[in-house]
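Notes to accompany the following structure.
Throughout, a chain's letter reflects where its sequence line sits, starting with A, and its residues are numbered from 1. Side chains included, hydrogens not; waters and symmetry mates left out as well; all remaining heavy atoms used.
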Amino acid sequence: MTGPREVLLQRRGPDEVLAVVDGEAVALGEGELAAFVARLEATGAGPRWVWDDTTRWYPSLLAAGVRVRRCLDLRLVHRVLRRAPGVDQDVLATAATAAWDELAPLSATAATAGSAGGGAEGLFDLHVHVTALDAAAEHAAQQAALAAVAGEQRGRLQLLLAAESAGALVAAEMTHAGLPWRADVHEALLARELGPRPPAGEPPAVLAALLARAREALGAPSLNPDSPADLLRALRRVGLVPPDTRSGTLSQLDHLAVVPLLEHRKLSRLHAANGWRWLREWVHDGRYRPDHLPGGVVSGRWAAQGGGALSVPAVLRPAVVADEGWRLVVADVAQLEPRVLAAVSGDADLARAAAGGDLYQGVVDSGAVATRSDAKLAVLGAMYGATAGSGGRMVEHLARRYPRAVEHLELAAAAGERGEVVSTWLGRGSPRPRGSWTQQAPDVPASEADLRERRSWGRFTRNFVVQGSAAEWAASWIALLREELWRLGADGPVEQRPHLVLFLHDEVLVHTPAALADDVVAAVRGAAERAGWLLYGEFPLTFPLDVHVGRSWADADGG
DNA sequence: CTGACTTGCGCC
DNA sequence: AAAGGGCGCAAGTCAG
């Protein structure tokens, strides 16, 4: 049985949903929606759901146990098309363009925090401001703009838009399922690092002792180590004049206060960022549920909101523990960005260096540099725009052996310095620069400040083409993986099958029944291989993964 | 008091 | 003389 190919959903009022099923309008109540979606999803391959914004539709469907296979997220598509260099903005424009520009995703964490003091918001209050947006009109304008893009470029953009929309589904499913988090393990780790949980408002015993030692060593009984100005004053009184108070700077100093200061800083950060308060605020019923925001970063990387989900410190990763009878599969791509650089620049030599699994070692073996750490410095320096120090010198060696890759970066940097837009492999455009330097011709003498900003923007566009292209490879990877994981599960909702629980730029965590862990490992590898083929076709490049299966993130993370 | 900015550091 | 990209978050600082 084949079902409809495309269904557009539009909210019309408090309990009024319009579904346009292959062009035919059907009116629904909000309460009928989940069953309606489930019924069509069960026909054939399922339709492509077209809606204004996944965060406004999918969470309630997931809560009702309904998963969809494909969607088109008009908000995300709009944002990509608005900046894509290949798109004719006149074709894309509608009367509502500015409103679509401003449409922001609904945040589950913000909604929860906001309703803590006030009453529960009605569901419709969250939707009311988008009933005015005409999804059908926007969809038509987007498709027209896409149709006007030249052939190969259009195909790539379509890949990007599909990956972006699939990412929106993954993001909602990850928040729905949550990252398994053992509060008891977390508390034991905090006790080990910081001492027993202190009474409210008091510092943990370990921090208090370290602070006392630092104050004693500096003869500054009221020192606030969190205040750079205060700390600099105290250091100056004992004859030390560091340029700043960063840890790396302080560690160069020869003074008794240094050790307790650095230890205090490290642990007070743990306490402030991921301490007992964090645990109470963010972990409920054994799950941590931040908001995941596909395309939340200009480069196309995902952002996250709520508890700093993308920087879970390594010491706390043992608290991420699979449920009883389940496992975590942790997979990360080795040296994703330089591999992507090889592909987007068409540098077959760099691809060959990557073929052995360790790209940096391959660079050494090619004779470009002498040691692996030099290779890493050179590659990272080229991608980030290092011009001085050992990084800068190493880049010159790299350029001799891999001219195409390095030239690709230099061209991106030069374009940025001219104020031009650069583009990722699939066609995501960089933002236009702002600032006084953009008003001047490059050959006119500029102020020091303008020159600095111009070079800084060049470093940004240099990195944009790599970071952004890597982000779209990774987005394709998880989109393909999501499909494979769904097929592995026999039945049941997303959270009862193998499912993604975290995505960290080039790393994924999958929560899976133990019996399926090996299948998940194969799926993760297969998806990476298919992503490479999907984006780069015949270009001979591998994406080796480090994959581990374990009970906790720490067990499964190379340990 | 709030809000904007700075400093510093966790992650990739 | 120094010169490295992207984030989120907490705490301090400072202006209004």
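- The nearest whole Å value for the distance from the CG atom in A:Leu451 to the P atom in C:dA2 is 19 Å.
- Residue A:Gly296 is classed as having no contact, given no heavy-atom separation below 4.0 Å to the nucleic acid.
- Note: A:Phe503 and A:Trp302 have perpendicular aromatic rings, judged against thresholds of 30 and 60 degrees for the angle between ring planes.
- The nearest whole Å value for the distance from the CZ atom in A:Arg246 to the C1' atom in C:dG4 is 12 Å.
- Atom CG in A:Leu262 sits roughly 12 Å away from atom C1' in B:dG8 (whole-Å rounding).
- Among the protein residues, A:Val466 comes within range of no part of the nucleic acid, since none of its heavy atoms lies under 4.0 Å from any strand.
- Here the P atom of nucleotide C:dA3 and the CD atom of A:Glu417 are 18 Å apart, to the nearest Å.
- Proximity of A:Arg301 to the phosphate of C:dC7: no side-chain N or O atom is located under 4.0 Å from OP1 or OP2.
- A:Arg265 contributes no side-chain N or O that forms a donor-acceptor pair with the base of B:dC9 under 3.5 Å.
- Atom pair A:Gln305:CD and B:dG10:P shows a separation of 22 Å (rounding to whole Å applied).
- Looking at heavy atoms from C-beta onward, A:Arg56 lies in side-chain contact with A:Asp53 at the 4.5 angstrom threshold.
- Rounding to whole angstrom units, NE2 of residue A:His505 and P of B:dG10 are separated by 16 Å.
- Using a cutoff of 4.0 Å between basic side-chain nitrogens and carboxylate oxygens, A:Arg301 and A:Glu337 are scored as salt-bridged.
- Aromatic ring centroids of A:Trp278 and A:His186 lie under 6.0 Å apart.
- Under the 4.0 Å criterion applied to side-chain N and carboxylate O atoms, A:Arg462 and A:Glu410 are assigned as salt-bridge partners.
- A:Met174 and A:Val501 get closest at one heavy-atom pair: SD-C, 3.5 Å.
- Protein atom CG of A:Asn274 is 12 Å distant from nucleotide atom C1' of B:dC9, rounded to whole Å.
- Stacking between A:Tyr384 and the base of C:dG5 is present: ring centres sit under 5.5 Å apart and the planes differ by under 30 degrees.
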field: Paired and unpaired positions of DNA chain B as dot-bracket, Watson-Crick or G-U wobble under 3.5 Å, | denoting a partner strand
entry: ||||||||||||
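- Within 4.0 Å of A:Ala314, counting heavy atoms only, lie sugar-phosphate atoms of the nucleic acid but no base atom.
- Side-chain contact between A:Val320 and A:Leu509 is present, with heavy atoms from C-beta onward closer than 4.5 Å.
- Using a 4.0 Å cut-off between charged nitrogen and carboxylate oxygen, A:Glu263 and A:Arg213 do not count as a salt-bridge pair.
- Nucleotide C:dG6 holds its C1' atom 13 Å from the CG atom of A:Asp506, rounded to whole Å.
- Base engagement by A:Leu380 is indicated by at least one non-hydrogen atom pair under 4.0 Å involving a base atom.
- Taking only side-chain nitrogens and oxygens, A:Arg269 never comes nearer than 4.0 Å to OP1 or OP2 of B:dG8.
- Dashed line: the shortest gap from a side-chain N or O of A:Arg459 to OP1 or OP2 of C:dG5 is under 4.0 Å.
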Filtered N/O pairs between nucleotides 13-15 of chain C and protein, under 3.5 Å:
| from | atom 1 | to | atom 2 | distance (Å) |
| --- | --- | --- | --- | --- |
| C:dT13 | OP1 | A:Ser227 | OG | 2.4 |

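- Separation of the A:Trp473 and A:Tyr536 ring centroids does not fall under the 6.0 Å cut-off.
- Comparing the same atom, P, in C:dA3 and in B:dG8 gives a spacing of 15 Å after rounding to whole Å.
- When each of B:dT7, B:dG10, C:dA11 is scored by its nearest atom to the side-chain atoms of A:Arg277, the top-ranked nucleotide is C:dA11.
- Under the 4.5 Å side-chain criterion, counting only non-hydrogen atoms from C-beta, A:Leu485 is not in contact with A:His499.
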